[in-house]
Amino acid sequence: MTQSNSQDKNNFLYPRSRYYGKFQPETLAFNANLQEFAQRITYISCLETGGKLSPEEAYEQIRALWKELKHSKKELSIGVNK
């Protein structure tokens with residue numbers, strides 16, 4: 001696979017939206033984590049809808065992703081007055 005095809009595939013599978021908020025390294029990092037969370041939730045939802053995951057498996061995977069996102073928010077001090 002050529003570099004261009006690989007880049008196109010990655011852009012298709014893992015789209016990233018532009019960040020419009022106030023630039024701070026921690027908010028930019030959290031935004032990237034949030035976009036990844038949303039993308040993975042979409043995949044899990046589609047797999048559950050298609051019968052590839054049970055509702056319980058989908059729930060547990062989403063719950064684990066949510067915990068990761070909350071941990072990321074805490075580690076990056078998002079929402080904490082400085």
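Only this structure's heavy atoms are used, side chains among them; waters, hydrogens and symmetry mates stay out.
- The CD atom of Glu36 lies 8.0 Å from the CG atom of Leu65; values are rounded to the nearest 0.5 Å.
- Separating the CZ atom in Phe37 from the OG1 atom in Thr42 is a distance of 9.5 Å, to the nearest 0.5 Å.
- We find the CD-OG distance between Gln24 and Ser77 to be 11.0 Å, quoted to the nearest 0.5 Å.
- Once rounded to the nearest 0.5 Å, the distance linking NZ of Lys67 with CD1 of Ile62 reads 14.0 Å.
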Which is it for Glu60 and Arg63 under the side-chain contact (heavy atoms from CB on, under 4.5 Å) test, yes or no, and what are the steps along the way?
CA-CA 5 Å; Glu60 288 304 323; Arg63 186 172 176 210; 4.1 Å; yes
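- Using a 4.5 Å cut-off on side-chain heavy atoms (C-beta onward), Leu69 and Lys73 make no contact.
- Taking OH of Tyr59 as the reference point, atom CD of Glu56 lies at 11.0 Å (rounded to 0.5 Å).
- Looking at Ser72, its side chain never comes within 3.5 Å of a backbone N or O of Glu68 through a donor-acceptor pair.
- In this structure, Glu48 does not pair ionically with Lys52, as no charged nitrogen and carboxylate oxygen lie closer than 4.0 Å.
- Linking ILVMFWY side-chain heavy atoms closer than 4.5 Å, directly or via other members, places Ile78 and Trp66 in a single hydrophobic cluster.
- Judged by distance alone, with hydrogens and angles left aside, the side-chain atoms of Thr27 form a donor-acceptor pair with the main-chain N or O of Lys22 at under 3.5 Å.
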